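Along the sequence shown, the residues carry numbers beginning at 1. If you're wondering where the values come from, they're calculated on a predicted model, not measured in any experiment.
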Amino acid sequence: MSLPAPWNGVVSPPLAGRPPKPRQRGLTMILDKGLGPRATADLIEVAGHCIDYWKLAFGTPACYPPAVLKAKVERIRAAGIAVYPGGTFLEVALVQGRFRAFLEAVREVGFTHVEVSDGTVDIAPEVRRDLIRALLAEGLGVVSEVGKKHPADRVSTLRLHQQVLDDLEAGVEKVIVEARESGKGIVIYDAQGRVDEDELEALVRGLPDPYVLVFEAPQVHQQQDLILRFGPGVNLGNVQPADVLALEALRHGLRGDTLRAALLGRPDLRSVRFPQG
């Protein structure tokens with residue numbers, strides 16, 4: 001992917017391999033906790049080309065004025081961005097036996113996708129599979145999420161790995177790896193928010209393609225570590241709206257740490273001389 005004018009042909013991305021939209025790799029999912037109409041429009045104007053999934057976090061869709069919510073979702077869709085409510089909202093509807101009503105509301109608002117998760121509730125594997133297939137049959141895009149939100153409910157990585165495979169077989173587009181807003185003490189992150197290489201390897205080992213996963217990575221150093229591990233095509237989620245362009249620079253090798261990685265194999269390029277002429 002080349003840089004836009006006026007930089008195209010002036011500077012090449014030091015990290016190559018960032019695909020343009022529409023793409024299946026290098027996806028960026030943002031976590032929107034309540035951007036208003038003008039902030040939404042500004043973000044789309046500045047960084048809409050960098051955003052693939054737009055999650056309206058938790059149950060926040062229920063807290064918007066209805067007309068504002070519909071207009072917001074319509075604007076996001078018009079920018080070619082998939083938009084969906086957080087999985088916790090669906091979990092509440094399922095616990096209360098309101099799946100069909102939830103589905104009707106999703107259609108009324110205009111969401112393109114639904115997230116299926118069990119971060120707080122327990123959903124049997126066969127119920128989860130049927131739920132995914134029912135949503136697909138309704139013509140909605142489906143992403144799923146694996147991992148519990150509370151450390152006390154943590155399940156084994158082996159079980160999460162199997163859940164990823166089951167969700168893919170059921171037909172989801174991508175599987176999101178839970179990290180919440182903190183990115184600490186959940187699934188692939190330790191209590192300090194560092195990537196646990198053993199947990200990460202156990203999760204991705206044996207997958208048909210590691211790029212079926214979207215790693216929630218709310219912290220910049222997590223985004224950096226995963227880009228260095230998987231390349232600029234890694235899928236990253238729970239990105240704060242204000243960090244979208246900074247993440248894009250990371251993906252291109254236009255920030256110090258990923259630039260350093262790009263130059264490690266080219267020592268001839270690390271010493272700069274003033275150009276002549």
I'd like to know whether L135 forms a side-chain contact (heavy atoms from CB on, under 4.5 Å) with V106, so could you lay out the CA-CA distance, the side-chain angles of the two residues, the decisive distance to 0.1 Å, and finally the verdict. CA-CA 11 Å; L135 290 165; V106 163; over 6 Å; no
Closest approach of G233 and Y211, non-hydrogen atoms and distance? O-CD2, 3.2 Å
When you compare the side chain of I76 with that of I51, does any pair of heavy atoms fall below 4.5 Å? no
Gap between atom NZ of K70 and atom CD of E74 - 0.5 Å precision: 9.0 Å
Kindly compute the distance separating CD1 (I188) from OG1 (T157), expressed to the nearest 0.5 Å. 10.0 Å
d(R154 CZ, R159 CZ) to nearest 0.5 Å is 13.0 Å
R251 side chain to V234 backbone, donor-acceptor under 3.5 Å: yes
Where the side chain of E178 meets the backbone of I186, is there a donor-acceptor pair that is under 3.5 Å apart? no
Is there a continuous path of hydrophobic side-chain contacts, each under 4.5 Å between heavy atoms, that joins I176 to I132? no
Indicate yes or no: at least one non-hydrogen side-chain atom of S117 is less than 4.5 angstrom from one of L90. no
Any side-chain heavy-atom pair from W54 and L35 closer than 4.5 angstrom? yes
Got a second to check how far Q192's CD is from H221's NE2, nearest 0.5 Å? 10.0 Å
Is the shortest side-chain N to carboxylate O distance from D118 to R128 below 4.0 Å? yes
For residues Q219 and G183, report the shortest heavy-atom separation together with the two atoms involved. NE2-O, 4.0 Å
Quick one: does any side-chain atom of K21 pair with a main-chain N or O of I81 as donor and acceptor, under 3.5 Å? no
With the 4.5 Å side-chain cut-off for hydrophobic clustering, are L203 and L226 part of the same group? yes
I'd like to know if the side chain of E173 and the backbone of G141 have a donor-acceptor N/O pair within less than 3.5 Å. no
About how many Å separate NZ of K174 and CG of D167, when rounded to the nearest 0.5 Å? 13.5 Å
Cluster check L56, V239: I/L/V/M/F/W/Y, side chain < 4.5 angstrom: yes
Can a salt bridge be assigned to the pair R129 and E169 using a cut-off of 4.0 Å between side-chain N and carboxylate O? no
After noting the C-alpha distance and the side-chain angles of K55 and E145, does the key distance pass the side-chain contact (heavy atoms from CB on, under 4.5 Å) rule? CA-CA 12 Å; K55 180 194 289 191; E145 184 177 76; 3.7 Å; yes
Measure from the side-chain N and O atoms of N235 to the backbone N and O of G26, and report whether any donor-acceptor pair falls under 3.5 Å. yes
Donor-acceptor pair, side chain of R255 and main chain of L250, under 3.5 angstrom: no
Hey, is the main chain of F58 close enough, under 3.5 Å, to the side chain of K33 for a donor-acceptor pair? no
So does P218 get a backbone contact from the side chain of N238, meaning a donor-acceptor N/O pair under 3.5 Å? no
Side chains of T258 and Q224: is there a donor and an acceptor less than 3.5 Å apart? no
Side-chain ion pair, D209 and R25, N-O less than 4.0 Å: yes
With Q162 as reference, evaluate V164, L160, L165 under the side-chain contact (heavy atoms from CB on, under 4.5 Å) test and give the passing residue. L165
Spell out, yes or no, whether V177 and V143 are grouped together once hydrophobic residues are joined by side-chain heavy atoms under 4.5 Å, including indirect joins. no
V11 with L259, same ILVMFWY side-chain cluster at under 4.5 Å: no
Using salt bridge (charged side-chain N to carboxylate O under 4.0 Å, His left out), reason through D122 and K148 one step at a time and then give a plain yes or no. CA-CA 10 Å; D122 292 324; K148 293 293 187 180; 2.9 Å; yes
Taking atom CD as the centre, does E126 end up with more than 12 heavy-atom neighbours from other residues, nucleotides or ligands that are less than 6.0 angstrom away? yes
Would you say R98 has more than 12 foreign heavy atoms packed within less than 6.0 Å of its CZ? no
With a 4.5 Å heavy-atom cut-off, do H161 and L207 have their side chains touching? yes
Where is the tightest heavy-atom contact between P14 and A262, given as atom of each residue plus distance? O-CB, 3.6 Å
Measuring only between side-chain heavy atoms, which start at C-beta, is Q222 closer than 4.5 Å to E216? no
Decide yes or no for Y189 and V195: does some side-chain heavy atom of the first lie under 4.5 Å from some side-chain heavy atom of the second? yes
Evaluate the side-chain contact (heavy atoms from CB on, under 4.5 Å) criterion for residues V109 and Y64: first the C-alpha distance (whole Å), next the side-chain angles of each, then the deciding distance (0.1 Å), finally the verdict. CA-CA 11 Å; V109 172; Y64 283 85; over 6 Å; no
Heavy-atom nearest pair, A47 first then L245, reads CB-CD2, 3.9 Å
Aromatic plane relationship, Y84 with H113 - under 30° parallel, 30 to 60° tilted, over 60° perpendicular: tilted
Note, R23 side chain near D52 side chain (heavy atom, < 4.5 Å): yes
Looking at R77 and T112, would you say the former's side chain and the latter's main chain have a donor-acceptor pair under 3.5 Å? no
What heavy-atom pair brings F89 and P61 nearest, and what distance separates the two atoms? CE2-CB, 3.9 Å
Joining Ile, Leu, Val, Met, Phe, Trp and Tyr whenever any side-chain heavy atoms lie under 4.5 Å apart, the cluster holding L31 also takes in none
Any side-chain heavy-atom pair from T28 and C50 closer than 4.5 angstrom? no
Show your reasoning for whether side-chain contact (heavy atoms from CB on, under 4.5 Å) applies to L94 and V127. CA-CA 11 Å; L94 293 173; V127 174; over 6 Å; no
Around atom CD of E197, are there more than 12 heavy atoms from other residues, nucleotides or ligands closer than 6.0 Å? yes
Any chance you could measure L15, atom CG, to I227, atom CD1, to the nearest 0.5 Å? 8.0 Å
